[in-house]
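Below, chain A is the first sequence line, B the second, and so on; all start at residue 1.
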Amino acid sequence: MADRVLPRGFYARPTLQVARDLIGKTLVHVTTSGRTSGLIVEVEAYIGEGDPACHAASGLTGRNAPLYGRPGRAYVYVNYGIHHLVNAVTEPEGVPAAVLLRAAEPVEGIDLMRRRRQTNGRLARASSLPEKDLCRGPGNLTRAFGISGAHNRLDLCGAGLFVEDGGVGGEPKVEWTPRVGIRVGIAARWRCAVVDSACVSGR
DNA sequence: CGTTCGATGCACT
DNA sequence: GTGCATCGAACGT
């Protein structure tokens, strides 16, 4: 297949540009259980120590170190004790910033996603989920894709977990809104989402 | 419809 | 000990 994996140079740019350009791209995770992929429809930017909502707001710590590292790597952490959230590290190395992947439209491995959603985690559902909800919300996305703490610092420019150039038709129409679920830094409109996508998480 | 709230791990103070 | 970049069940209206 053609090598459509986004190169490191894609991530080593201003975070808002990376966020915008990730919309419509394809997130792919290949495991022994199978291949899952989906179109990215919602992201959020977290930019630098001056951003109060960014994990780097208090400077370098053991947890947020990946934010300061190479662009194009994954920053995965646990929040609320039960959800893994995945980010793509951006900007040149040394600048702590990333794009949070919040929602995707399932493309490949939908049965596998559904199985992961139903069997993984403490909040498993008994009934079968609508396809559009499988990767709706950052916690749901990581569960459907089988992304866990083991993926922290993983290079997104290699094999396994990566983002591909979608090559799908025209550019989707997007909107910029305040970020969701945070208590500080709500003024910045750094959430980018596809307008009218059923797979975008709402408020 | 709407809002509230418990689950749950761990980094940080 | 505190506070989350969440989710969905369980309520109330």
Side-chain angles (χ1 to χ4, degrees), chain A residues 11 15-16 18-20 22-23 27 38 40-69 73-91 95-104 106 113-154 156 174-194 198-203:
Chain A
Y11 300 97
T15 305
L16 293 178
V18 177
R20 170 60 186 88
L22 278 173
I23 298 291
L27 176 67
I40 298 169
V41 296
E42 181 186 357
V43 299
E44 283 176 1
Y46 290 86
I47 311 174
E49 297 179 347
D51 174 5
C54 182
H55 282 179
S58 301
L60 176 65
T61 67
R63 175 218 217 183
N64 67 26
L67 289 175
Y68 292 79
R73 301 238 245 213
Y75 170 47
V76 182
Y77 72 97
V78 178
N79 99 119
Y80 293 100
I82 43 188
H83 303 291
H84 293 279
L85 271 56
V86 62
N87 300 250
V89 174
T90 60
E91 308 275 350
V95 179
V99 173
L100 169 69
L101 273 35
R102 290 191 57 90
M113 287 183 182
R114 190 168 276 121
R115 249 178 288 140
R116 284 170 173 155
R117 286 293 310 275
Q118 288 171 347
T119 60
N120 289 359
R122 312 299 196 270
L123 296 177
R125 249 200 196 183
S127 57
S128 95
L129 286 160
E131 183 175 321
K132 68 177 178 57
D133 290 338
L134 288 174
C135 308
R136 189 167 181 266
N140 290 334
L141 183 148
T142 55
R143 203 173 308 151
F145 273 87
I147 296 171
S148 71
H151 298 85
N152 193 27
R153 297 172 185 266
L154 189 73
L156 300 175
V174 302
E175 63 179 346
W176 289 91
T177 74
R179 293 169 294 183
V180 161
I182 53 175
R183 319 270 257 217
V184 291
I186 55 181
R189 300 173 75 87
W190 287 350
R191 170 179 175 269
C192 188
V194 174
C199 301
V200 168
S201 68
R203 284 282 85 58

Asks: From the set C:dC4, C:dG8, C:dT6, return the single nucleotide nearest to any side-chain atom of A:R117.
Replies: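 Closest of the options to the side chain of A:R117: C:dG8.
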Asks: In whole Å, what separates the C1' atom of C:dG8 from that of B:dC10?
Replies: 22 Å
Asks: Under 4.0 Å, counting only non-hydrogen atoms across every strand here, what does A:N140 touch: a base, just sugar-phosphate, or nothing?
Replies: sugar-phosphate
Asks: Any side-chain N or O of A:H83 below 4.0 angstrom from OP1/OP2 of B:dT8?
Replies: no
Asks: What residues form a salt bridge (charged side-chain N to carboxylate O under 4.0 Å, His left out) with A:R179, not counting sequence neighbours?
Replies: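 A:R179 satisfies salt bridge (charged side-chain N to carboxylate O under 4.0 Å, His left out) with A:D51 once adjacent residues are dropped.
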Asks: To the nearest Å, how far apart are A:D133 CG and C:dT6 P?
Replies: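 To the nearest whole Å, that distance equals 17 Å.
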Asks: For A:Y68, what residues pass the ring pair (Phe, Tyr, Trp, His ring centres under 6.0 Å) criterion, not counting sequence neighbours?
Replies: none
Asks: Quick check on salt bridge (charged side-chain N to carboxylate O under 4.0 Å, His left out): which of A:R189, A:R20, A:R102 does A:E44 satisfy it with?
Replies: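 Testing A:E44 for a salt bridge (charged side-chain N to carboxylate O under 4.0 Å, His left out) against A:R189, A:R20, A:R102 leaves exactly one candidate, A:R102.
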Asks: Quick one: the side chain of A:Y77 and the base of C:dA5, do they pair up donor-acceptor inside 3.5 Å?
Replies: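 For A:Y77, whose side chain was compared with the base of C:dA5, there is a donor-acceptor pair (under 3.5 Å).
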Asks: Between P on B:dT13 and NE2 on A:H55, what's the gap in Å once rounded to a whole number?
Replies: 13 Å
Asks: Could you tell me whether A:G139 contacts a base, only the sugar-phosphate backbone, or nothing, with contacts defined as non-hydrogen atoms closer than 4.0 Å?
Replies: sugar-phosphate
Asks: Could you give me the CA-CA distance, side-chain angles and deciding distance for A:H83 and A:T142, then say whether side-chain contact (heavy atoms from CB on, under 4.5 Å) is met?
Replies: CA-CA 8 Å; A:H83 303 291; A:T142 55; 5.8 Å; no
Asks: With sugar-phosphate meaning primed atoms plus P, OP1 and OP2, does A:R63 contact a base, only sugar-phosphate, or nothing at under 4.0 Å between heavy atoms?
Replies: sugar-phosphate
Asks: Let's see if you can work this out: which of C:dA5, B:dG9, B:dA7 has an atom nearest to the side-chain heavy atoms of A:V78?
Replies: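 Among C:dA5, B:dG9, B:dA7, the one nearest the side chain of A:V78 is B:dG9.
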Asks: A:S58 side chain: which of C:dC7, B:dT13, C:dA5 is closest?
Replies: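 Selected nucleotide (nearest to the side chain): B:dT13.
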Asks: Does A:Y80 lie flat on the base of B:dA7, that is, centres under 5.5 Å apart and planes under 30° off?
Replies: no
Asks: In dot-bracket notation, what is the pairing pattern of DNA chain C, taking Watson-Crick (N1-N3 plus N6-O4 or O6-N4) and G-U wobble (N1-O2 and O6-N3) contacts under 3.5 Å, with [ ] crossing and | for other strands?
Replies: ||||.|||||||.
